[in-house]
2 protein chains.
Amino acid sequence: MRKDSRLSRMLHVLVHLHQLQQAVTSDQLALMLHTNPVVVRRTMSLLREQGYVSAVKGHGGGWTLAKPLHEITLLDIHRSLSESSLFTIGLTDEHNNCPIEKAVNLAIDDVLQEAEALVLQRFGEVTLDKLATGYTPR
Amino acid sequence: MRKDSRLSRMLHVLVHLHQLQQAVTSDQLALMLHTNPVVVRRTMSLLREQGYVSAVKGHGGGWTLAKPLHEITLLDIHRSLSESSLFTIGLTDEHNNCPIEKAVNLAIDDVLQEAEALVLQRFGEVTLDKLATGYTPR
DNA sequence: ATTTTATGTAACTTATGATGTTTCTTAAGG
DNA sequence: CCTTAAGAAACATCATAAGTTACATAAAAT
């Protein structure tokens with residue numbers, strides 16, 4: 001299953017934007033991420049919609065931070081990028097009336113929801129300025 | 001990203017095998033799972049390799065439990081099915097020398113590893129007999 | 001005004017891995 | 001020897017992030 005690396009990439013970009021202190025074009029970011037500018041625009045536009053970055057067209061344009069790093073958490077970016085599930089595990093819905101299927105799905109979902117809550121809480125605790133100064137694990 | 005529903009499906013199958021107390025063919029299981037017998041064999045064979053089920057060929061053959069449900073945990077089945085990651089989030093590895101990328105990946109991976117450990121622990125706490133008698137969430 | 005530089009966006013292709021399908025082989029019971 | 005079943009190889013399908021092509025739009029430089 002192909003992994004979604006957008007969170008990793010966008011965090012990387014945001015910290016670089018902070019350090020460069022100037023507008024950076026999609027082409028430049030694409031070189032940095034070893035991808036192409038359309039992928040950059042597509043993904044960055046999700047952050048723009050949430051007010052984390054700004055885009056300016058034309059000469060001297062490009063992307064800049066719209067908020068300081070200490071006001072942005074991993075959770076903010078994660079939420080901007082995806083409403084889809086965090087897990088590769090899916091539940092079946094083949095038999096709405098089978099009590100065994102219900103028990104199985106309840107047991108799995110119970111665990112996954114607990115884990116997802118943990119991830120979201122931890123993501124919410126990490127502001128991006130911590131990544132700029134060398135992150136040390138818990 | 002397509003979800004991996006094998007855990008859900010196989011748990012469902014194992015509990016049914018326990019309740020039926022007789023060999024069940026791949027064709028029967030395929031009907032039950034709304035899929036086809038080759039998919040059943042492919043997935044069940046992973047559980048057979050780990051000693052959780054047995055397969056018998058020919059007349060009267062099919063699949064049976066090789067261990068009682070109380071000796072099998074969700075973790076056992078999860079591990080039999082997949083070595084791949086639990087998460088849809090992936091890390092980038094585009095710049096081995098960039099300290100920002102390293103900090104970003106460390107921060108994300110730190111959280112995901114904690115969450116994965118939680119999932120594995122919880123899965124390890126649930127034996128399949130609990131699913132047969134109506135699972136109640138924590 | 002025109003050119004250049006940049007984002008915005010639609011449409012299409014590619015890559016990946018679970019899932020689905022076809023076909024044949026092998027083994028066991030009747 | 002026929003039927004039933006698993007085993008297994010080869011190939012197709014599906015979903016989605018990622019990649020690509022092409023063009024429109026906007027802003028600054030000339």
Side-chain angles (χ1 to χ4, degrees), chain A residues 1-10 12-13 17 22-49 53-64 66 78 80-94, chain B residues 1-10 12-13 17 22-49 53-64 66 78 80-94:
Chain A
M1 218 170 293
R2 173 169 274 205
K3 295 303 197 70
D4 183 347
S5 62
R6 291 179 300 170
L7 178 61
S8 179
R9 281 179 153 180
M10 289 303 100
H12 191 178
V13 164
L17 286 182
Q22 58 181 349
V24 181
T25 67
S26 301
D27 282 69
Q28 292 174 302
L29 293 178
L31 283 173
M32 199 184 98
L33 295 178
H34 298 179
T35 180
N36 75 66
V38 177
V39 172
V40 171
R41 289 189 197 108
R42 184 189 296 153
T43 317
M44 290 291 284
S45 71
L46 298 171
L47 306 189
R48 189 196 56 214
E49 288 166 7
V53 294
S54 306
V56 173
K57 287 184 175 183
H59 274 277
W63 298 91
T64 48
H78 170 69
S80 301
L81 295 175
S82 178
E83 325 79 52
S84 70
S85 167
L86 205 53
F87 298 100
T88 55
I89 291 179
L91 306 181
T92 57
D93 195 19
E94 286 150 351
Chain B
M1 213 171 300
R2 171 170 278 205
K3 296 303 196 69
D4 183 347
S5 63
R6 291 178 299 170
L7 178 61
S8 180
R9 281 178 154 180
M10 289 302 100
H12 191 178
V13 164
L17 285 183
Q22 59 181 351
V24 181
T25 67
S26 301
D27 282 68
Q28 291 175 302
L29 294 177
L31 283 173
M32 200 184 98
L33 296 177
H34 298 181
T35 179
N36 74 66
V38 178
V39 172
V40 171
R41 288 188 196 110
R42 185 189 294 151
T43 317
M44 289 290 283
S45 69
L46 297 171
L47 306 189
R48 188 196 56 214
E49 288 166 9
V53 294
S54 306
V56 173
K57 288 184 174 183
H59 273 278
W63 299 90
T64 48
H78 171 68
S80 301
L81 295 175
S82 177
E83 325 79 55
S84 71
S85 166
L86 204 55
F87 298 101
T88 56
I89 291 180
L91 306 180
T92 57
D93 193 20
E94 285 150 350

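A, B, ... follow the sequence lines: proteins, then strands. Residue 1 opens every chain.
- Put simply, OG1 on A/Thr88 and NZ on B/Lys3 are 8.0 Å apart, with the number rounded to the nearest 0.5 Å.
- For C/dG8, the OP1/OP2 oxygens have no side-chain nitrogen or oxygen of A/Ser45 closer than 4.0 Å.
- Atom pair B/Gln28:CD and D/dT4:P shows a separation of 13 Å (rounding to whole Å applied).
- Distances shorter than 4.0 Å separate none of the side-chain N or O atoms of A/Thr35 from OP1 or OP2 on D/dA18.
- Taking 4.0 angstrom as the limit, B/Thr88 places none of its side-chain polar atoms (N or O) nearer than this to OP1 or OP2 of D/dA17.
- Look at CG on A/Leu29: it is 16 Å from C1' on C/dG8, rounded to the nearest Å.
- Side-chain proximity of A/His59 to the nucleotides C/dT7, D/dA29, D/dA18 is greatest for D/dA29.
- Along DNA chain C, the nucleotide nearest B/Val56 and the nucleotide nearest A/Arg48 are compared for position; the residue whose nucleotide lies closer to the 5' end is A/Arg48.
- Take A/His59 and apply the ring pair (Phe, Tyr, Trp, His ring centres under 6.0 Å) test, not counting sequence neighbours, and it matches no residue.
- Atom-to-atom, CE of A/Met44 to P of C/dA6 comes out at 15 Å; the value is rounded to the nearest Å.
- Within the model, atoms OG of B/Ser26 and CG of B/Leu31 stand 11.0 Å from one another, a figure rounded to the nearest 0.5 Å.
- Straight-line distance from the CD1 atom of B/Ile89 to the C1' atom of D/dA17: 13 Å, rounded to whole Å.
- For the pair B/Asp4 CG and C/dT19 C1', the computed distance is 10 Å after rounding to whole Å.
- Among the nucleotides D/dA18, C/dT19, C/dT21, the one closest to the side chain of A/Arg42 is D/dA18.
- Each of A/Gly58 and A/His34 lies near DNA chain D, and the nucleotide nearest A/His34 is the one positioned closer to the 5' end.
- Expressed to the nearest 0.5 Å, how far CG of A/Leu17 lies from CE of A/Met10 amounts to 9.5 Å.
- For the pair A/Asn36 CG and D/dA18 C1', the computed distance is 9 Å after rounding to whole Å.
- Straight-line distance from the CG atom of A/Asp27 to the C1' atom of D/dG19: 15 Å, rounded to whole Å.
- Spacing between atom CH2 of A/Trp63 and atom P of C/dT7 amounts to 7 Å, rounded to whole angstrom units.
- A/Gly62 comes within contact range of the sugar-phosphate backbone alone, with a heavy-atom separation under 4.0 Å but no base atom that close.
- Set against D/dA22, D/dA6, C/dT21, the side chain of A/Val38 has D/dA22 as its closest nucleotide.
- Contact annotation: A/Arg41 side-chain N/O to C/dG8 OP1/OP2 distance is not under 4.0 Å.
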Less than 3.5 Å apart, which donor and acceptor atoms pair up between the side chains of residues 37-47 of chain A and the rest of the protein, not counting sequence neighbours?
| unit_1 | atom_1 | unit_2 | atom_2 | d |
| --- | --- | --- | --- | --- |
| A/Thr43 | OG1 | A/Val39 | O | 2.8 |
| A/Ser45 | OG | A/Arg41 | O | 3.2 |
| A/Ser45 | OG | A/Arg42 | O | 2.8 |

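- Listed candidates were C/dA18, C/dT7, D/dG19. Nearest to the side chain of A/Arg9 is D/dG19.
- You'll find that the side chain of B/Lys57 is closest to C/dT26, out of C/dT26, C/dA18, D/dA18.
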